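Scroll down for the structure; my scribbles are underneath it.
Only a predicted model underlies this, so the values are computations on that prediction, with no experimental measurement involved.
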Amino acid sequence: MASRADSPGGASGVPPYRYTAALANDIERRWQDHWESADTFAVTNPGPDHPAPAGEKFYLMDMFPYPSGAGLHVGHPLGFIGTDVLGRFLRMSGRTVLHTMGFDAFGLPAEQYAVQTGTHPRTTTEANIARYRAQIRQLGLAHDQHRSVSTTDVDFYRWTQWIFLRIHGSWYDTEIGRARPITELEDELEKGIRGLPDGRDWSALSRPEQDRVLDDHRLAYLADAPVNWCPALGTVLSNEEVTADGRSERGNFPVFRRNLRQWMMRITAYADRLADDLDGVDWPDSVKTMQRNWIGRSQGAQVRFAVSGQDAQRSGAGPSTPPIEVFTTRPDTLFGATYLVLAPEHPLVDALTADAWPSPLTGEELDGRWTGGAASPTEAVAAYRRAVAQRSELERQEARDKTGVFTGAWATNPVNGEPLPVFVADYVLMGYGTGAIMAVPGQDQRDWDFATVFGLPIRRTVAPPEGFEGSGGQAYVGAGPAINSANDEISLDGLEVDAAKTAIVAWLAGKGTGEPVVQYKLRDWLFSRQRYWGEPFPVAYAADGETDGGPSIPRALPDGDLPVLLPDVEDYAPKSFAPDDRDSSPESPLARATDWVAFAEDLPSDPERGFAEYVRETNTMPQWAGSCWYYLRYLDPHNSERFVDPDVERYWLGPRAPGDPGGVDLYVGGVEHAVLHLLYSRFWHKVLFDLGYVTSSEPFRRLFNQGYVQAWAYTDARGVYVPAEEVVEDAASATGFTWNGEPVRQEYGKMGKSLRNVVTPDEMCEAYGADTFRLYEMSTGPMEASRPWSTRDVVGSHRFLQRVWRLVIDEETGELRVSDAEPDRDTLVALHRSIDGVRSDLPAMHYNTAVAKLIELANHLTKTYPAGGTPRAVVEPLVLLLSPLCPHVAEELWSRLGHPDTLAYEPFPEPDPSLLVEDSVEYPIQVNGKVRSRITVPAAAGEDDVRGAALGDPKVVELLAGAEPRKVIVVPGRLVNIVR
RNA sequence: GCCCCUGUAGACCAAUCGGCAGAGUCGAUGGAUUCAAAAUCCAUACAGUGUGGGUUCGAAUCCCACCGGGGGCACCA
């Protein structure tokens, strides 16, 4: 392990001008100061005073970090360094590169620290940001410092609130498939161009009624929705903040599903575009697939089953009971439906449930499995619903045995008039489709399982392949011709699945009992939290309620009221409750800032009221809000008039050609944001696009997921983690490793405090310098790969930089060692091969192979010029080639070589094509696929010459022993294979 | 359970279109240097590509099955 004691440069006897950690640190500080004072990496937006630069623009971005109190470990900067290397390369290739870094700084950790200590979250956040900035600065990243923003800056969240008002102020016009200002809807309703869905007359509605109609269309709206309520934390949580076993990710407290009035974002309006537009972006297929799965679009049909049957009069279903609407992706199997199932929470359950058990169709006793042993359906359903409500999410997921109960009601299959019993069962989810299904046990395994438990009939409607039935009882979900599917009017028999679907949906539509329908798994986005450290909503409610006594209508504050500042409060904690107090209600910390909450104003969004008393919305926005648009603010961070100037947006993000979505040229970050952040920001961007505020239809043209730096961790005999840096390799130990002489077991995992394996960039910079650290991170593998951290390997990167240094600088005198001699041809060939390789590796982010090529070149030079006098004509390109990876040492050498200016804008070396072609080529000669000999022929030799030379080779002649080869394959430039 | 990615020297990784398994790093071994150690430098060895089939003149690479590792989804009708 490297420690200060054995770090290079710390001991005596080291040549005075060797590239040691101490020297590296000195060089690095000087160049970092220089870049900052010279503003080397600032880019100016084109505008009236600044014409667009000649170089083609490139907008390069990292996913911005949350500045946690723990600071960075060596895993965090992997992506930052990778983008920096690319940015520096592109800059030297003549591109105009925009690259900066901001902070995603609202969020729970700072707030919880505030709750514990009373420190204002802003204080903690600013201290953490300062620490991050220092850690990032010492890595020498070529960022434009003037463009850095934090989501907690008032000048930033003011525009987050402004965008919220735009979303709140618009609706989705499904006819033209885009968002429009809500004022246009109001106008159309007023003029009668558009009618109300329920047929009411707009002008007959009271003003509050009209406002509620408009609110029902807004893209940001209040709704009573089932949300995850965590009494112990005192806040609602998003689905992703709840663990698989139904507890809070933070604190592991119980979470309850409760209907609460919360802010929602109508992301579902964009489901189709969010799915379809993935085709136009250059993203990893895995991320596209994850987004498509999350959106979960499926084509199917809605089918209506009339509630009736021979016992209709005895069931609870009166003549007015509406039909049961069912969603299915397999309408072709309708003839195989043998029962219906409703989710326990389905609104029709009460109306359907009969007072007494009907007699079964056959006249026999009703199956005991159907009744749950209850005296009546009412009792059975009530008991079942109670049992389901008691089950935790975990139990519901793990226990996949099918349970349910008969409602006593019957429905009619529209294709054949068969009566179908209606069940309630929790394997049907209220949250998807219509919350009701037609069960086809022959073609669906879940239905098969349920039918088996409850003794329900099973009828196949798709012919399974030969031998399928022999494999035991199960549903057949594959393709095949339809069977048993005909009535007097239509026959599906013999049709393949797709054709059968089309035919039956057309038939249903003709009968008015069904139609094609598209379903999504995507839900609207729960957008409010009962937290302090977030953006306040720019919204208020009439202090004395609505004039009609209905639910309060949220009133948008005018843009002129922005920013709505977070008030200071005494206590940052939301009101919390006993962990299992499921009936408690959230109360935001902002509610206690009574002076802030109450105000009086003449709100343009509430013209009827005039100057009146209002109370502010006391929820705050979720942490995702700022990250939805920060890439837009980087473009124009100091604009006080707009969130981004339209011309600036067009320059950096606009489409380049018809059909191009536009967006950030490269966005690099971890795959953990594959769905949420990337889906939410795409949604916001599309709203802004629809409203004409941006010209790009997607925020991120190209996405790249970098791998993770992981780390070894070690546990002792008790399974307790021991400090990884103190573990030594020990072949004598059964586990291969010991700690204090005790054998310890190695595991592989995330770097973190709990595994006691954290290594910080600060330690590495101190022990080796930032350039060594950068080089090591880039050389351990391709950007997309995860790899283990190994401190003891870092020295290899350091040795390489020492060798490069030694090529240029005399370690004893500090003088230049380069000469003006002409390099020999071998050296020129080596140089230009390296240039060629590095030029193709860097833009592909294959940094590990680029590093290998540089090492190869340096090794060649060390061997060729052992006594010094390395030709300047080779050294200078080498320094330039190295500079994107190790910018400080490269700048230092460049300067010592006599160049007064930074190399950040020096043209990147270009290869001389004439030096890349070989004079002669060595061909391996295979006989039957095995290498038996080698020949060297001129590079210009034709295929016939090569064949002739190969067949004339003495070893080949010997092996052939006079026999005529059956086949001779010549791969030009590669090899010759002779088949005997 | 379903889907995606991935298995190459002791470790991390290379290997254009299917064409000589090795670019590079660590470690190991030997040597130079040193009073000695560290640091530095030089040299050497080490796998036939997870397993089993197939296609091919030729497979790490393509196909099939299985095994191991990582990730996503999970009663979504």
Point-to-point distance, once rounded to the nearest 0.5 Å, from CG of A:Asp841 to NZ of A:Lys853
3.5 Å
Pairing partner of B:G27 (Watson-Crick or G-U wobble, both distances under 3.5 Å):
none
Distance-only donor-acceptor test, A:Arg787 side-chain atoms vs B:C13 base atoms, 3.5 Å:
no
What integer number of Å spans the P atoms of B:C17 and B:C26?
30 Å
Going by the angle between their ring planes, with limits at 30° and 60°, are A:Phe423 and A:Phe450 parallel, tilted or perpendicular?
perpendicular
A:Ser786 near the nucleic acid: base, sugar-phosphate alone, or nothing, with a heavy-atom cut-off under 4.0 Å?
sugar-phosphate
Looking at every strand, decide which applies to A:Val851 at a 4.0 Å heavy-atom threshold: base, sugar-phosphate, or nothing.
nothing
Look at all strands and tell whether A:Thr329 reaches a base, only sugar-phosphate, or nothing, counting heavy atoms closer than 4.0 Å.
sugar-phosphate
Paired with B:C2 by Watson-Crick or G-U wobble geometry, both distances under 3.5 Å: which nucleotide is it?
B:G72
Interatomic distance, CG@A:Asn848 vs CG@A:Leu775, rounded to 0.5 Å, equals 11.0 Å
With no angle test and no hydrogens, is the base of B:C57 tied to the side chain of A:Asn977 by a donor-acceptor pair under 3.5 Å?
yes
With rounding to the closest Å, how many angstrom separate the P atoms on B:C63 and B:A59?
16 Å
Could you tell me whether A:Arg799 contacts a base, only the sugar-phosphate backbone, or nothing, with contacts defined as non-hydrogen atoms closer than 4.0 Å?
sugar-phosphate
Write down the distance separating the C1' atoms in B:A45 and B:A60, rounded off to the nearest Å.
23 Å
For A:Pro782, report the nucleic acid contact type (base, sugar-phosphate, nothing); a contact means any heavy atom under 4.0 Å.
sugar-phosphate
So what does A:Arg806 touch, heavy atoms closer than 4.0 Å: a base, only the sugar-phosphate, or nothing?
sugar-phosphate
Tell me, please, which residues at least two apart from A:Asp953 pass side-chain hydrogen bond (donor to acceptor under 3.5 Å, both in side chains).
A:Ser933
Answer with base, sugar-phosphate or nothing: what part of the nucleic acid does A:Ile855 contact at a heavy-atom distance below 4.0 Å?
sugar-phosphate
Could you measure between the two C1' atoms, the one in B:A9 and the one in B:A28, and give it in whole Å?
12 Å
So if I apply the side-chain hydrogen bond (donor to acceptor under 3.5 Å, both in side chains) rule between A:Arg330 and each of A:Asp332, A:Thr333, A:Thr328, which one comes out positive?
A:Asp332
By the 4.0 Å heavy-atom rule, please label A:Gln926 as base, sugar-phosphate, or nothing.
base
Distance check, C1' atoms only: B:A21 and B:C13, in whole angstrom units.
14 Å
Atom CD of A:Gln710 and atom P of B:G70 are separated, to the nearest Å, by 9 Å
Between B:C20 and B:A65 - P atom distance, rounded Å:
28 Å
When the C1' atoms of B:C46 and B:C41 are considered, how many whole Å apart are they?
23 Å
Between B:G70 and B:G54, how far is it from one P atom to the other, in whole Å?
32 Å
Taking OP1 and OP2 of B:C3, is either one under 4.0 Å from a side-chain nitrogen or oxygen of A:Asn293?
no
